[in-house]
Amino acid sequence: MTIDRPADHYDDDGVLKKKHYKRELKRLQEELVKLQYWVRDQGLRVVVVFEGRDAAGKGGVIKRITRRLNPRVVRVVALGKPTDREQGQWYFQRYVEQLPSEGEMVLFDRSWYNRAGVERVMDFCTDEEYERFLEECPRFERMLVRDGIVLVKYWFSISDEEQERRFQKRNEDPKRRWKLSPMDLEARARWEEYSKAKDEMFAHTDIPEAPWYVVHADVKRHARLNCISHLLDQIEYEDLTPDPIELPAREDRGEYERPPIDDQDWVEARFGENPGAE
């Protein structure tokens, strides 16, 4: 999928202007709806993995992908800390439970790659567990692909300077401060260790059957459009969007009389006015 890039669509800093960004995003979201119909009709099983630095914009891309889609077809998986029971399981087990059935697409907002990233850097796993993961992960993913699952993996790459700017912005905004977790602060202090862990992870898991696709994420608008358009290119689909239907006429109310509306507890109309009627 090719997107035209006229020079006048960009500002002086080379960032796509807001109105053009919104137009392209709307177009891509319409294509995602077509893809959704195709996945459902063809019984496809699609897994999309989103990994990358903290504050790299993974969540923002996921939100733009799912905004117009049916959550029964496209769902997001963002697992928290493993329970005591899960810690005693095969490492991949709790992720296997989240894999799609026929006609589903699952977006992993972080995935089994936690072991190669945060768990490795923060010493949440042993050296033996880490080495075993690097050995088993390619086998696990080849098994998924051989079984017919479409597996797409994205790594969101962000510069040290841009990540710091976003952390500072989160800290200054009460609406975003919840995003600045203790783990984020620790990651901020361990930039080089995370870089080394990412390089080692790529060396073992960037395989032909399931390659890593790197998204340059310093500019959010560009990252969102680039990632979505690339995802659409990974699956050949046809437009199965149904035609508009003719809505049936509404039934006559007959002798129905609504009870007095004053008997109901209305939410206080702090904005506008309560209708007082249907």
| With sequence neighbours excluded, residues passing side chain to side chain contact (heavy atoms under 4.5 Å, CB included) with Arg270 |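 Here the qualifying residues are Glu268.
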| message | Heavy-atom count check: over 12 atoms from other residues, nucleotides or ligands less than 6.0 Å from Asp263 CG? | response |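 Check passes, neighbour count above 12.
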| message | Would you say CD of Gln42 has more than 12 non-hydrogen atoms from neighbouring residues, nucleotides or ligands within 6.0 angstrom? | response |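 Enclosed.
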| field | Residues which pass ring-ring contact (aromatic ring centres under 6.0 Å, His included) with Phe133, listed by chain and number, not counting sequence neighbours | value |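 With neighbours one apart ignored, the set is Tyr91, Phe92, Tyr113.
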| field | For Lys198, salt bridge (charged side-chain N to carboxylate O under 4.0 Å, His left out) partners two or more places apart | value |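 Listed in chain order: nothing, the list is empty.
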Quick test of your reading of the model: are [X] and [Y] salt-bridged, counting only N-O distances below 4.0 Å?
X: Arg45; Y: Glu104; value: no
X: Asp54; Y: Arg110; value: yes
X: Glu24; Y: Arg27; value: yes
X: Lys34; Y: Glu30; value: no

| said: For residues 85-98, which residue pairs pass the salt bridge (charged side-chain N to carboxylate O under 4.0 Å, His left out) check, not counting sequence neighbours? | reply: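 Every salt bridge (charged side-chain N to carboxylate O under 4.0 Å, His left out) pair that includes a residue of residues 85-98, provided the two are not neighbours, is Glu86-Arg94.
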| said: Checking Glu51 against Trp112: is there a side-chain donor and acceptor pair closer than 3.5 Å? | reply: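 Result is no, nothing qualifies.
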| query | Linking Ile, Leu, Val, Met, Phe, Trp and Tyr by side-chain heavy atoms under 4.5 Å, what else ends up with Val219? | reply |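 Hydrophobic cluster check, Val219: joined to Val15.
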In a table with atom names and distances, give each donor-acceptor pair under 3.5 Å that connects a side chain of residues 119-126 to protein atoms at least two apart or in another chain.
{"from": "Glu119", "atom 1": "OE1", "to": "Arg115", "atom 2": "NE", "distance (Å)": "2.8"}
{"from": "Glu119", "atom 1": "OE1", "to": "Arg115", "atom 2": "NH2", "distance (Å)": "3.0"}
{"from": "Arg120", "atom 1": "NH1", "to": "Asp127", "atom 2": "OD1", "distance (Å)": "2.9"}
{"from": "Thr126", "atom 1": "OG1", "to": "Glu129", "atom 2": "N", "distance (Å)": "3.0"}
{"from": "Thr126", "atom 1": "OG1", "to": "Glu129", "atom 2": "OE1", "distance (Å)": "3.4"}

